[in-house]
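The structure appears below as C-alpha coordinates.
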Amino acid sequence: MYARAYVVVLAFTCLAAAASPVIEHAEVIDEGDSFLDNPHYLNNEQIGELFARLSRDYPGLAQTYSIGRSIQGRELHALALNAPAPDGNGDDLLRPMVKLVANIQGDEALGRQIVLYMAEYLASNYQLDSEVQRLLNTTEIHFLPSCNPDGFAAAKVSHNSIIINSNNE
Ligand SMILES: *[C@@H]1O[C@H](CO)[C@@H](O)[C@H](O)[C@H]1NC(C)=O
(Lines give C-alpha, C1' and ligand atoms only; values in the text may rest on other atoms or scores of the structure.)
Protein backbone atom coordinates (compact mmCIF):
# COMPACT_ATOMS: atom_id res chain seq x y z
CA MET A 1 0.00 0.00 0.00
CA TYR A 2 2.64 2.50 1.12
CA ALA A 3 5.06 1.19 -1.45
CA ARG A 4 2.50 1.57 -4.22
CA ALA A 5 1.70 5.19 -3.34
CA TYR A 6 5.42 5.85 -3.10
CA VAL A 7 6.06 4.47 -6.58
CA VAL A 8 3.18 6.48 -8.06
CA VAL A 9 4.54 9.67 -6.58
CA LEU A 10 8.05 8.89 -7.73
CA ALA A 11 6.78 8.16 -11.23
CA PHE A 12 4.90 11.46 -11.20
CA THR A 13 8.00 13.25 -9.94
CA CYS A 14 10.13 11.69 -12.68
CA LEU A 15 7.58 12.68 -15.34
CA ALA A 16 7.50 16.22 -13.99
CA ALA A 17 11.29 16.33 -14.13
CA ALA A 18 11.35 14.96 -17.67
CA ALA A 19 8.90 17.65 -18.76
CA SER A 20 11.04 20.44 -17.31
CA PRO A 21 14.71 19.50 -17.70
CA VAL A 22 15.94 22.84 -16.34
CA ILE A 23 15.46 21.53 -12.77
CA GLU A 24 18.75 19.85 -11.99
CA HIS A 25 19.05 20.03 -8.24
CA ALA A 26 16.78 20.61 -5.28
CA GLU A 27 15.97 24.11 -4.13
CA VAL A 28 13.79 25.42 -1.38
CA ILE A 29 10.39 26.16 -2.85
CA ASP A 30 10.55 29.65 -4.32
CA GLU A 31 8.32 32.48 -3.26
CA GLY A 32 5.24 32.31 -5.46
CA ASP A 33 6.23 28.88 -6.79
CA SER A 34 3.47 26.40 -5.98
CA PHE A 35 4.75 23.01 -4.88
CA LEU A 36 2.41 21.48 -7.45
CA ASP A 37 4.45 23.16 -10.21
CA ASN A 38 7.66 21.60 -8.99
CA PRO A 39 7.12 18.57 -6.74
CA HIS A 40 10.32 17.21 -5.22
CA TYR A 41 11.79 16.02 -1.95
CA LEU A 42 13.72 18.43 0.23
CA ASN A 43 16.81 17.14 1.99
CA ASN A 44 17.31 17.77 5.69
CA GLU A 45 19.29 20.97 5.26
CA GLN A 46 16.63 22.34 2.93
CA ILE A 47 13.93 21.55 5.50
CA GLY A 48 15.86 23.79 7.90
CA GLU A 49 16.08 26.52 5.25
CA LEU A 50 12.36 26.29 4.47
CA PHE A 51 11.41 26.52 8.14
CA ALA A 52 13.80 29.45 8.68
CA ARG A 53 12.23 31.24 5.73
CA LEU A 54 8.68 30.60 7.01
CA SER A 55 9.68 31.95 10.44
CA ARG A 56 11.19 35.02 8.80
CA ASP A 57 8.28 35.65 6.42
CA TYR A 58 5.51 35.00 8.98
CA PRO A 59 7.08 36.11 12.28
CA GLY A 60 3.82 36.35 14.23
CA LEU A 61 2.70 32.94 13.08
CA ALA A 62 5.61 30.56 12.54
CA GLN A 63 8.51 29.64 14.83
CA THR A 64 11.14 27.13 13.86
CA TYR A 65 13.01 25.12 16.46
CA SER A 66 15.03 21.95 16.81
CA ILE A 67 14.22 19.01 19.06
CA GLY A 68 17.84 17.86 18.94
CA ARG A 69 20.00 15.81 16.62
CA SER A 70 19.80 12.33 15.16
CA ILE A 71 22.38 9.65 16.03
CA GLN A 72 24.37 10.64 12.92
CA GLY A 73 24.18 14.31 13.88
CA ARG A 74 21.39 15.60 11.64
CA GLU A 75 19.23 18.38 13.04
CA LEU A 76 15.63 17.37 13.83
CA HIS A 77 13.83 20.41 12.45
CA ALA A 78 10.41 21.39 13.76
CA LEU A 79 8.02 24.25 13.09
CA ALA A 80 5.19 25.61 15.22
CA LEU A 81 2.26 27.48 13.65
CA ASN A 82 0.07 29.44 15.99
CA ALA A 83 -1.78 32.72 15.48
CA PRO A 84 -1.27 35.21 18.31
CA ALA A 85 -4.09 35.50 20.83
CA PRO A 86 -6.22 38.64 20.36
CA ASP A 87 -4.78 41.71 22.12
CA GLY A 88 -5.26 41.78 25.87
CA ASN A 89 -6.03 38.08 26.25
CA GLY A 90 -2.44 37.00 26.81
CA ASP A 91 -1.58 33.45 25.82
CA ASP A 92 -4.52 31.21 25.18
CA LEU A 93 -3.61 28.33 27.48
CA LEU A 94 -6.63 26.28 26.49
CA ARG A 95 -5.79 26.28 22.80
CA PRO A 96 -5.39 22.66 21.68
CA MET A 97 -1.94 21.58 20.47
CA VAL A 98 -1.38 19.07 17.70
CA LYS A 99 1.92 17.60 16.52
CA LEU A 100 2.34 16.02 13.08
CA VAL A 101 5.31 13.64 12.89
CA ALA A 102 6.41 12.00 9.65
CA ASN A 103 9.23 9.93 8.14
CA ILE A 104 9.52 7.69 11.20
CA GLN A 105 10.56 4.87 8.85
CA GLY A 106 13.44 6.35 6.86
CA ASP A 107 12.20 5.19 3.46
CA GLU A 108 8.63 6.44 3.94
CA ALA A 109 9.34 9.78 2.38
CA LEU A 110 5.89 10.72 1.15
CA GLY A 111 4.52 11.79 4.55
CA ARG A 112 7.62 13.86 5.16
CA GLN A 113 6.97 15.92 2.05
CA ILE A 114 3.22 16.20 2.70
CA VAL A 115 3.91 17.59 6.19
CA LEU A 116 6.26 20.17 4.63
CA TYR A 117 3.69 21.17 2.03
CA MET A 118 1.02 21.44 4.70
CA ALA A 119 3.20 23.67 6.91
CA GLU A 120 4.03 25.93 4.00
CA TYR A 121 0.44 26.01 2.77
CA LEU A 122 -1.00 26.95 6.16
CA ALA A 123 1.65 29.63 6.85
CA SER A 124 1.33 31.28 3.46
CA ASN A 125 -2.48 31.19 3.35
CA TYR A 126 -3.25 32.54 6.82
CA GLN A 127 -3.86 36.05 5.50
CA LEU A 128 -5.71 34.81 2.41
CA ASP A 129 -8.02 32.03 3.55
CA SER A 130 -10.51 32.36 6.41
CA GLU A 131 -10.60 28.57 6.96
CA VAL A 132 -6.84 28.52 7.51
CA GLN A 133 -7.19 31.58 9.74
CA ARG A 134 -9.85 29.90 11.83
CA LEU A 135 -7.75 26.73 12.16
CA LEU A 136 -4.60 28.59 13.30
CA ASN A 137 -6.62 30.93 15.53
CA THR A 138 -7.91 27.95 17.45
CA THR A 139 -5.15 25.29 17.21
CA GLU A 140 -1.40 25.31 17.72
CA ILE A 141 0.14 22.94 15.18
CA HIS A 142 3.68 21.57 15.37
CA PHE A 143 5.34 19.88 12.41
CA LEU A 144 8.21 17.41 12.64
CA PRO A 145 8.59 16.36 8.99
CA SER A 146 11.44 13.94 9.55
CA CYS A 147 11.72 11.93 12.72
CA ASN A 148 14.42 9.82 11.06
CA PRO A 149 16.62 11.90 8.75
CA ASP A 150 19.38 9.25 8.99
CA GLY A 151 17.02 6.63 7.58
CA PHE A 152 15.94 8.99 4.82
CA ALA A 153 19.56 9.61 3.84
CA ALA A 154 20.30 5.86 3.86
CA ALA A 155 17.16 5.08 1.83
CA LYS A 156 18.11 7.76 -0.65
CA VAL A 157 21.43 6.04 -1.32
CA SER A 158 19.76 2.71 -2.05
CA HIS A 159 17.06 4.32 -4.25
CA ASN A 160 19.36 6.85 -5.80
CA SER A 161 18.20 6.16 -9.33
CA ILE A 162 14.59 7.02 -8.58
CA ILE A 163 14.69 9.74 -5.92
CA ILE A 164 15.65 12.78 -7.90
CA ASN A 165 16.32 16.41 -7.08
CA SER A 166 17.83 15.74 -3.68
CA ASN A 167 21.44 15.08 -4.54
CA ASN A 168 23.29 17.61 -2.42
CA GLU A 169 22.81 16.38 1.13
C1 LIG B 1 -8.30 35.24 13.72
O2 LIG B 1 -7.78 36.05 14.74
C3 LIG B 1 -7.54 37.39 14.35
C4 LIG B 1 -6.85 38.09 15.53
O5 LIG B 1 -7.54 37.87 16.72
C6 LIG B 1 -8.87 38.05 13.97
O7 LIG B 1 -8.65 39.38 13.56
C8 LIG B 1 -9.49 37.26 12.83
O9 LIG B 1 -10.77 37.77 12.50
C10 LIG B 1 -9.63 35.78 13.22
N11 LIG B 1 -10.09 35.04 12.05
C12 LIG B 1 -11.08 34.14 12.07
C13 LIG B 1 -11.49 33.53 10.77
O14 LIG B 1 -11.63 33.80 13.11
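First listed ligand is number 1; within each ligand, the first listed atom is number 1. Since the structure is predicted, the reported quantities are computational estimates derived from the model, not experimental observations.
Listed by atom number, the atoms of ligand 1 under 4.0 Å from Ser130 heavy atoms are 13 (C). With ligand atoms numbered from 1 in the order given, ligand 1 contributes 1 (C), 2 (O), 3 (C), 8 (C), 10 (C), 11 (N), 12 (C), 14 (O) to contacts under 4.0 Å with heavy atoms of Asn137. Those atoms of ligand 1 that come under 4.0 Å of a heavy atom in Tyr126, given as number and element, are 1 (C), 2 (O).
Judged by the 6.0 Å and 45° rule, Arg112 forms no cation-pi pair with Tyr41.
Between Glu75 and Arg69 there is a salt bridge, since a side-chain N of the basic residue sits under 4.0 Å from a carboxylate O of the acidic one. Using a 4.0 Å cut-off between charged nitrogen and carboxylate oxygen, Glu140 and Lys99 do not count as a salt-bridge pair.
Taking a 6.0 Å sphere around CG of Leu128, one finds it holds more than 12 heavy atoms contributed by other residues, nucleotides or ligands.
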